[in-house]
Amino acid sequence: MYARYFERNALGRTIADVRVLDARVVATRKLSTLRGRSFRKVRRHGKHLFADAGGVWLHLHFGMTGDLVAFRDDPPRFARVIFDFDDGAHLAYEDMRLFGVVDLTPSPEEFIRAHNLGPDPLEIRLPEFRRRIAGRRGRIKALLMSQDFLAGLGNLYADEALYRASIHPRRPANRLRDDEVRALFIAIRGVLREAIGFKSRGGDYPARYLVPHRIEGDRCPRCGGTIRRTIVAGRTTYFCGRHQR
DNA sequence: AGTACCACCTGACGGC
DNA sequence: TGCCGTCAGGTGGTAC
């Protein structure tokens with residue numbers, strides 16, 4: 001979703017200036033080397049966005065409150081970095097809680113290696129998913145959130161995928177049946193692809209999703225069960241007490 | 001290998 | 001009105 005937005009609002013334009021409004025999200029002092037360059041292509045890997053600026057790549061991570069906002073006149077309230085283009089357009093990287101990162105990296109591959117990121121779920125097939133999950137004894141939700149296992153799922157989407165696959169978040173990964181592993185893989189890909197789709201269109205989560213029902217005691221839109229709230233892997237976790245086993 | 005816990009940060013919200 | 005504690009979330013670190 002950020003990748004598409006970046007493509008629409010930054011690709012092909014010449015960067016006139018990069019303004020750092022809050023250095024706490026910027027992990028390099030060299031963003032100014034982007035001046036005069038232009039972004040040629042965009043790549044996403046998990047939660048990371050990379051933009052090719054010719055010999056160097058811009059890397060963006062959005063933490064939890066990070067976002068991109070194109071604007072003409074007034075920057076958004078929590079703008080931390082602003083890219084000024086020579087055609088008068090501006091793109092703000094905003095991040096209220098400052099957990100995100102704006103960075104430069106030699107290449108996406110280099111970054112992925114350095115940070116030991118697992119594959120993007122949309123770029124692998126079921127056999128590789130099976131191989132990676134085999135022998136892992138931890139709780140399935142903890143595994144789904146581990147970026148070195150798979151890159152791209154956070155707390156909400158891990159819950160969402162497990163909900164869709166009818167799997168209890170505390171199940172040990174190596175005790176999932178073959179059909180459950182398959183269902184989970186399909187659920188992960190479905191959730192990511194759909195989320196990219198409707199978030200790109202500025203939409204919200206459909207009512208059939210678990211996300212709008214992250215309320216203790218709420219009704220499961222799928223089976224009418226009761227939504228439970230608990231802590232798994234240190235994170236607030238919601239699941240349906242009836243259909244997730 | 002897996003887990004627990006902390007820090008980072010700020011706005012929203014409930015309690016008093 | 002306003003202060004205070006708590007919570008939310010991604011990541012990266014430490015300790016067990």
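Chain A is the first sequence line, chain B the second, and so forth, proteins listed ahead of strands; every chain is numbered from 1.
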Exercise for the section: Check A/Arg44, A/Arg43, A/Lys47, A/Arg189 against A/Asp120 for a salt bridge (Lys or Arg N to Asp or Glu O under 4.0 Å) and give me the one that passes. Expected result: A/Arg44
Picking from [options], which would you name as closest to the side chain of [X]?
| X | options | result |
| --- | --- | --- |
| A/His48 | C/dT11, C/dG12, B/dG2 | C/dT11 |
| A/Arg137 | B/dG2, B/dC9, C/dG10 | B/dG2 |
| A/Met96 | B/dT10, B/dT3, C/dC7 | B/dT10 |
| A/Phe99 | C/dA8, C/dT11, C/dG10 | C/dG10 |
| A/Arg235 | C/dT11, B/dA1, B/dC9 | C/dT11 |
| A/Arg139 | C/dA8, B/dC9, B/dA4 | B/dA4 |
| A/Ala142 | B/dT10, B/dT3, C/dT11 | B/dT3 |
| A/Arg136 | B/dT3, C/dA8, B/dG2 | B/dG2 |

So, OP1 or OP2 of [N]: does either fall under 4.0 Å of a side-chain N or O from [X]?
| X | N | answer |
| --- | --- | --- |
| A/Arg229 | C/dA8 | yes |
| A/Gln147 | C/dG10 | no |
| A/Arg24 | B/dT10 | yes |
| A/His61 | C/dT11 | yes |

Contact class for [X] vs. all strands (heavy atom < 4.0 Å): base, sugar-phosphate, or nothing?
| X | result |
| --- | --- |
| A/Phe62 | nothing |
| A/Thr236 | sugar-phosphate |
| A/Gly63 | sugar-phosphate |

Problem - Nearest-angstrom distance from the residue atom OH of A/Tyr238 to P of C/dC7 - result: 12 Å
Practice task
Establish, from distance only, whether the side-chain atoms of A/Arg222 and A/Ser166 form a donor-acceptor pair under 3.5 Å.
Solution key: yes
Problem - Pair A/Glu160-A/Tyr205, side chain to side chain donor-acceptor pair (under 3.5 Å): steps then yes or no - result: CA-CA 11 Å; A/Glu160 196 66 50; A/Tyr205 297 98; over 6 Å; no
Handout entry: Short N-O contact, A/Arg40 and A/Asp52, less than 4.0 angstrom
Key = no
Problem - Carboxylate-amine/guanidinium proximity below 4.0 Å for A/Arg13 and A/Asp86 - result: no
